[in-house]
Amino acid sequence: MKTTDTPPAPAADRVPVSTVTVPGGKKEKSSEGSVLNVFSHGVLIIWAILVVMPLLWAVMASFKTDDSILSTPWALPDKLHFENWSRAWSQAHMSDYFFNTIVVVGGSLIGTLLLGSMAAYVLARFDFPGNRFLYFLFIGGMSFPIILALVPLFFVMNNMGLLNTVHGLILVYIAYSLPFTVFFLTSFFRTLPTSVAEAAMLDGASHTRTFFQVMLPMAKPGLISVGIFNFLGQWNQYMLPTVLNTEPDHRVLSQGLVELATSQGYKGDWSGLFAGLVMAMLPVLAAYIVFQRQVVAGLTAGAVK
């Protein structure tokens, strides 16, 4: 059996490698990349300093006296004054505000994730008349300024007997957070494989069982990510509780910090104020540190399928 060899390419078609490579081009590219890396790292370092320094200064001021805060604001405390924290916790009623905030944010977070995940799953997996209309209705809720709804919301809550109540504030927080939750989770549910849900349906599982036992555990990274974002927004919420929660016994942390700043009049308790401020920051920082990997995984889950 005779094999035919492929004829060699003409000399005009063969380009030497030395003529393609640009002398010194590789070195110039690497130097350009290193300059870009130095610039980007410099910007990140400056940004980190701008973010971290105020937090560290607030923590440092919470352990100083009022005189040292005003006279030497950038100096380290001579000793750790833990009485500032105890005074803010007991005398300024930060313990009551902290408990109220945990109850309100915890209840609203559970309700938001439950209702938002169910609505997002239906909008992402089922085609029915009005599907896109409902989806864009939720998106439109994200662009609606909450300040425009404060006056009618106040009268609605008053007529329903929910004004100055914890459960009324929880319902308002849920309604406030649902648009972003549905928008985020709808895109996340669309990235999940449909074969698992179809296999569960073939095994006899109902739609409810498929959602709670199959799809919801698969959406755990997205739930944690949107839960962190809602936790940050609801924990730092000030406008809604100020209008709808005027009862002193039901105040949340944001209202308590304002009360602590204005209750002393001209004699401000700066050390106690900074201690209360750090108390309000610690749960947010702890939640982000604990769930940092899940937040990144939830944000990048839909990038590559």
Side-chain angles (χ1 to χ4, degrees), residues 44 47-63 85 88-89 92-117 120 142 146 166-167 169-185 187-189 216-242 245 250-258 260 273-302:
L44 291 177
W47 177 257
I49 292 174
L50 293 176
V51 172
V52 174
M53 282 301 295
L55 300 180
L56 295 179
W57 185 77
V59 173
M60 183 179 63
S62 66
F63 292 103
W85 288 63
W89 183 259
H93 306 289
M94 292 298 294
S95 57
D96 299 333
Y97 302 146
F98 205 93
F99 176 76
N100 294 336
T101 306
I102 290 178
V103 172
V104 172
V105 174
S108 61
L109 200 59
I110 294 174
T112 301
L113 293 180
L114 180 62
L115 298 177
S117 60
M142 296 171 56
I146 192 63
V166 174
H167 56 279
L169 195 59
I170 290 176
L171 292 177
V172 173
Y173 276 21
I174 293 175
Y176 170 76
S177 304
L178 267 182
F180 173 74
T181 304
V182 173
F183 168 74
F184 187 94
L185 291 180
S187 303
F188 190 86
F189 275 118
L216 204 60
M218 294 174 61
K220 183 180 177 180
L223 291 173
I224 293 178
S225 298
V226 76
I228 290 295
F229 293 139
N230 286 329
F231 175 75
L232 295 177
Q234 294 174 3
W235 188 271
N236 298 323
Q237 182 60 240
Y238 175 71
M239 188 177 300
L240 288 175
T242 300
N245 188 32
H250 297 159
R251 286 175 179 168
V252 294
L253 267 177
S254 56
Q255 295 174 286
L257 289 176
V258 175
L260 181 60
L273 178 61
F274 279 111
L277 181 63
V278 176
M279 288 180 190
M281 290 191 307
L282 286 179
V284 177
L285 294 176
Y288 184 78
I289 291 173
V290 171
F291 297 106
Q292 183 179 6
R293 292 180 180 272
Q294 289 83 351
V295 171
V296 175
L299 291 176
T300 59

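Since this is a predicted model, take the numbers as computed values, not measurements.
Gln237 places a side-chain N or O within 3.5 Å of a backbone atom of Met239 that can act as its donor or acceptor partner.
Distance check: Ile146 CD1 to Leu240 CG gives 5.0 Å after rounding to the nearest 0.5 Å. Here the OH atom belonging to Tyr288 is positioned 14.0 Å from the CZ atom belonging to Phe231, to the nearest 0.5 angstrom. Interatomic distance, CE of Met94 versus CG of Leu277, reported as 8.5 Å (0.5 Å rounding). With values rounded to the nearest 0.5 angstrom, Met53 atom CE is found 6.5 Å from Leu56 atom CG.
Trp85 places a side-chain heavy atom less than 4.5 Å from the side chain of Val278. Using a 4.5 Å heavy-atom threshold, the side chains of Val226 and Phe188 count as separate.
In plain terms, the two heavy atoms of Ser117 and Phe189 that are nearest each other are O-CE1, 3.6 Å. For Val51 against Pro54, the heavy-atom pair with the smallest separation is O-CD, 3.5 Å. When every heavy atom of Ile228 is checked against every heavy atom of Ala287, the shortest pair comes out as CD1-O, 3.9 Å. Contact between Ala88 and Ala275 at its shortest, heavy atoms only, is CB-CB, 4.2 Å. Here the closest non-hydrogen pair linking Tyr97 and Ala92 is CE1-O, 3.4 Å. Closest approach of Phe98 and Pro283 over heavy atoms only: CZ-CG, 3.5 Å.
Among residues two or more places apart in sequence or in another chain, the side chain to side chain donor-acceptor pair (under 3.5 Å) test is passed with Thr181 by Asn230. Not counting sequence neighbours, Asn100 has no partner by the side chain to side chain donor-acceptor pair (under 3.5 Å) test.
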inquiry  = For a side chain to side chain contact (heavy atoms under 4.5 Å, CB included) check, start with the C-alpha distance between Phe274 and Phe63, then their side-chain angles and the critical distance, and finish with the verdict.
reply    = CA-CA 9 Å; Phe274 279 111; Phe63 292 103; over 6 Å; no

Pair up each side-chain donor or acceptor in residues 102-113 with any protein partner under 3.5 Å, not counting sequence neighbours, and list the distances.
unit_1 : atom_1 : unit_2 : atom_2 : d
Ser108 : OG     : Val104 : O      : 2.9
Ser108 : OG     : Val105 : O      : 3.1
Ser108 : OG     : Gln234 : OE1    : 2.6
Thr112 : OG1    : Ser108 : O      : 2.6

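In this structure, Phe99 has its ring center at least 6.0 angstrom away from the ring center of Trp89.
For the side chain to side chain contact (heavy atoms under 4.5 Å, CB included) with Pro241, the lone residue among Val172, Thr101, Val252 that qualifies is Val252.
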